[in-house]
Amino acid sequence: MLQIQNIRENKESIITALKKRNIDAAPMISKVLELDEKRRSIQTEMDATLAESNKLSKEIGMLFKTGKAQEANVLKEKTAGLKEASKKLGEDLNTTADELQQELYLIPNVPHKSVPAGNSEEDNEEIFKEGDIPTLSEGALPHWELAKKYDIIDFELGVKITGAGFPVYKGKGARLQRALIAYFLDKNAEAGYTEMQVPLMVNEDSGYGTGQLPDKEGQMYHVQADDLYLIPTAEVPVTNLHRGDILSESDFPIKYTGYTPCFRREAGSYGAHVRGLNRLHQFDKVEIVRMEHPNNSYEALDEMVEHVKNILRELKLPYRILRLCGGDLGFTSALTFDFEVFSTAQDRWLEISSVSNFETFQANRLKLRYKDENGKSQLAHTLNGSSLALPRVLAGILENYQTEAGIKIPEVLVPYCGFDIID
RNA sequence: GGAGGAAUGGCAGAGUGGUCGAAUGCGGCAGUCUUGAAAACUGUUGAGGGUCACACCUCCGGGGGUUCGAAUCCCUCUUCCUCCGCCA
């Protein structure tokens with residue numbers, strides 16, 4: 001959520017920047033400013049009314065104390081009108097403030113200046129590419145065939161016990177998955193991220209805090225009996241750890257990592273591109289989250305990008321990095337880099353990580369602040385990234401490491417797996 | 001699930017109708033003293049709205065009510081603690 005003060009002061013530049021997202025924000029912005037003005041004028045009027053009635057109440061108190069009950073009763077009558085007026089103003093104020101809030105929720109984050117304009121993923125800008133694309137033998141298979149051939153992932157079994165998009169990992173497949181989680185967590189810890197184990201269900205406030213609510217309600221599984229949401233990413237519980245906090249500058253940087261399953265309804269996603277591990281309702285992910293001083297957040301973002309690069313290098317997977325264009329940029333993000341691994345057998349790029357700076361957009365909702373050198377509260381910056389998302393990394397490994405003898409295990413994972421080939 | 005108790009500033013903890021945004025202690029910050037530090041002493045120290053700046057307004061778990069006036073009384077929700085039951 002953008003700060004109203006920021007909108008007041010930078011109306012034009014915000015509208016211009018939002019054009020990169022292909023939206024004309026001018027009507028929304030005007031509406032917001034109108035409501036803001038209305039809110040302030042009601043507030044001012046109500047404050048004056050309350051001030052008046054506070055004054056009278058004090059006088060009444062004094063009069064009673066000094067035994068002048070009669071005079072006090074005269075004043076009492078005067079308060080009745082004020083009371084009614086302030087009650088009505090209070091109602092107006094609530095309505096207007098709610099309306100303003102709802103409007104603010106609809107405005108996406110302002111893209112960073114480096115974000116290219118564009119409509120879709122076609123317009124994302126490739127900024128880096130590394131790793132050799134292996135030459136596979138004749139008859140190389142996509143991962144869903146490999147999964148069947150080596151009996152390591154069973155999609156049908158998942159359908160039986162839950163439904164489509166909930167795979168069952170078996171034997172060496174399950175072990176490889178667990179190895180990846182441990183390996184990722186170790187790499188993140190090495191880089192100074194503190195490992196956290198967090199709840200897999202969150203309340204409504206947390207959903208609002210990171211921006212899943214109110215707009216992306218349909219993407220999350222909702223447990224109605226208890227009004228809780230299954231997390232779509234560890235970003236939600238981990239970032240909300242500091243909801244409402246006022247930190248001091250010396251608390252930065254705050255760096256967390258966490259492994260969680262992620263649950264996504266993915267309503268409306270069908271077709272060939274969602275086969276196998278490409279798109280699931282439940283999948284595992286290791287996330288990194290940072291809270292930063294605004295002056296350092298872009299440096300932190302670069303650091304996160306380098307960190308993910310290192311992991312992919314160690315895994316020896318061919319990958320590229322995209323700078324997302326305005327049209328493909330997430331609602332809450334100011335700048336996002338996507339990592340994609342090349343799946344040789346599918347002959348396509350698979351997104352495996354998304355690293356973003358949200359600047360103050362989430363912090364404003366979270367009320368996550370810090371005291372600056374003058375002792376004033378300022379909003380912090382929040383960032384997060386996958387490090388990494390499991391299923392597509394797994395898909396990339398299965399497909400790129402397949403040989404006639406079986407699927408080789410990347411060297412760095414062998415100690416975690418306890419075997420070096422799936423055959 | 002049943003019965004009681006509680007929720008106050010970063011923490012601890014007073015406050016049971018007006019002079020309370022809130023005593024006191026700890027912690028934090030600044031200063032005095034000191035070669036420096038510690039100790040001691042002095043001062044300062046919640047958040048938000050509003051204003052050029054003041055004024056002023058709101059907030060004592062959330063919501064509602066009583067009253068001229070609520071941290072304080074009433075209703076309701078949530079959370080926590082104790083005891084009993086059940087159970088991983």
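On a predicted model such as this, the values are computed, not experimentally measured, just so you know. Computation of the quantities below employed the complete heavy-atom set of this structure, encompassing side-chain atoms and omitting hydrogens, waters and symmetry-equivalent molecules. Below, chains carry the letters A, B, ... as their sequence lines are ordered, and counting in each starts from 1.
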Taking the same atom, [atom1], in [N] and in [M], what whole-Å distance lies between them?
{"N": "B/U66", "M": "B/A71", "atom1": "P", "result": "16 Å"}
{"N": "B/C56", "M": "B/G61", "atom1": "C1'", "result": "27 Å"}
{"N": "B/A37", "M": "B/U44", "atom1": "P", "result": "23 Å"}
{"N": "B/C11", "M": "B/G64", "atom1": "C1'", "result": "31 Å"}
{"N": "B/C87", "M": "B/G1", "atom1": "P", "result": "15 Å"}
{"N": "B/G2", "M": "B/A14", "atom1": "C1'", "result": "34 Å"}
{"N": "B/U51", "M": "B/C41", "atom1": "C1'", "result": "39 Å"}

>> Strictly by Watson-Crick or wobble contacts shorter than 3.5 Å, is anything paired with B/G27, and which nucleotide is it?
In response: B/U45

> Across all strands, who's sitting opposite B/G69 as a Watson-Crick or G-U wobble pair, both distances under 3.5 Å?
Replying inline: none

Please tell me which of the listed nucleotides, [options], lies nearest to the side chain of [X]?
{"X": "A/Asp47", "options": "B/G50, B/G49, B/U58", "value": "B/G49"}
{"X": "A/Ile60", "options": "B/G49, B/G50, B/G18", "value": "B/G18"}
{"X": "A/Arg39", "options": "B/G50, B/C57, B/G48", "value": "B/G50"}
{"X": "A/Arg8", "options": "B/G49, B/G50, B/G18", "value": "B/G50"}

>> So for atom CD, which belongs to A/Gln197, do other residues, nucleotides or ligands contribute more than 12 heavy atoms lying within a distance under 6.0 Å?
In response: no

>> Heavy-atom nearest nucleotide on RNA chain B for A/Ala51 versus A/Lys58: which residue maps closer to 5'?
In response: A/Lys58

>> Is the terminal nitrogen or CZ of A/Lys172 (NZ for Lys, CZ for Arg) located under 6.0 angstrom from the six-membered ring centre of A/Phe419 and within 45° of that ring's axis?
In response: yes

> Would you say A/Ser377 reaches B/G48's phosphate, i.e. side-chain N/O to OP1/OP2 under 4.0 Å?
Replying inline: yes

> Would you say B/G48 has OP1 or OP2 under 4.0 Å from some side-chain N or O of A/Arg369?
Replying inline: yes

> Under 3.5 Å, side chain of A/His143 to main-chain N/O of A/Gly276, donor-acceptor pair present?
Replying inline: no

Kindly indicate whether the side chain of [X], heavy atoms from C-beta on, has any atom under 4.5 Å from the side chain of [Y].
{"X": "A/Thr257", "Y": "A/Ile288", "answer": "yes"}
{"X": "A/Tyr105", "Y": "A/Arg365", "answer": "yes"}
{"X": "A/Gln212", "Y": "A/Glu204", "answer": "no"}

>> Quick check on contacts: within residues 76-105 of chain A, what sits under 4.0 Å from RNA chain B by heavy-atom distance?
In response: A/Lys76, A/Thr79, A/Lys83

> Contact class for A/Asn54 (heavy atom, under 4.0 Å): base, sugar-phosphate, or nothing?
Replying inline: sugar-phosphate

>> Tell me every residue that passes salt bridge (charged side-chain N to carboxylate O under 4.0 Å, His left out) with A/Lys309, counting only those two or more places apart in sequence or in another chain.
In response: A/Glu306

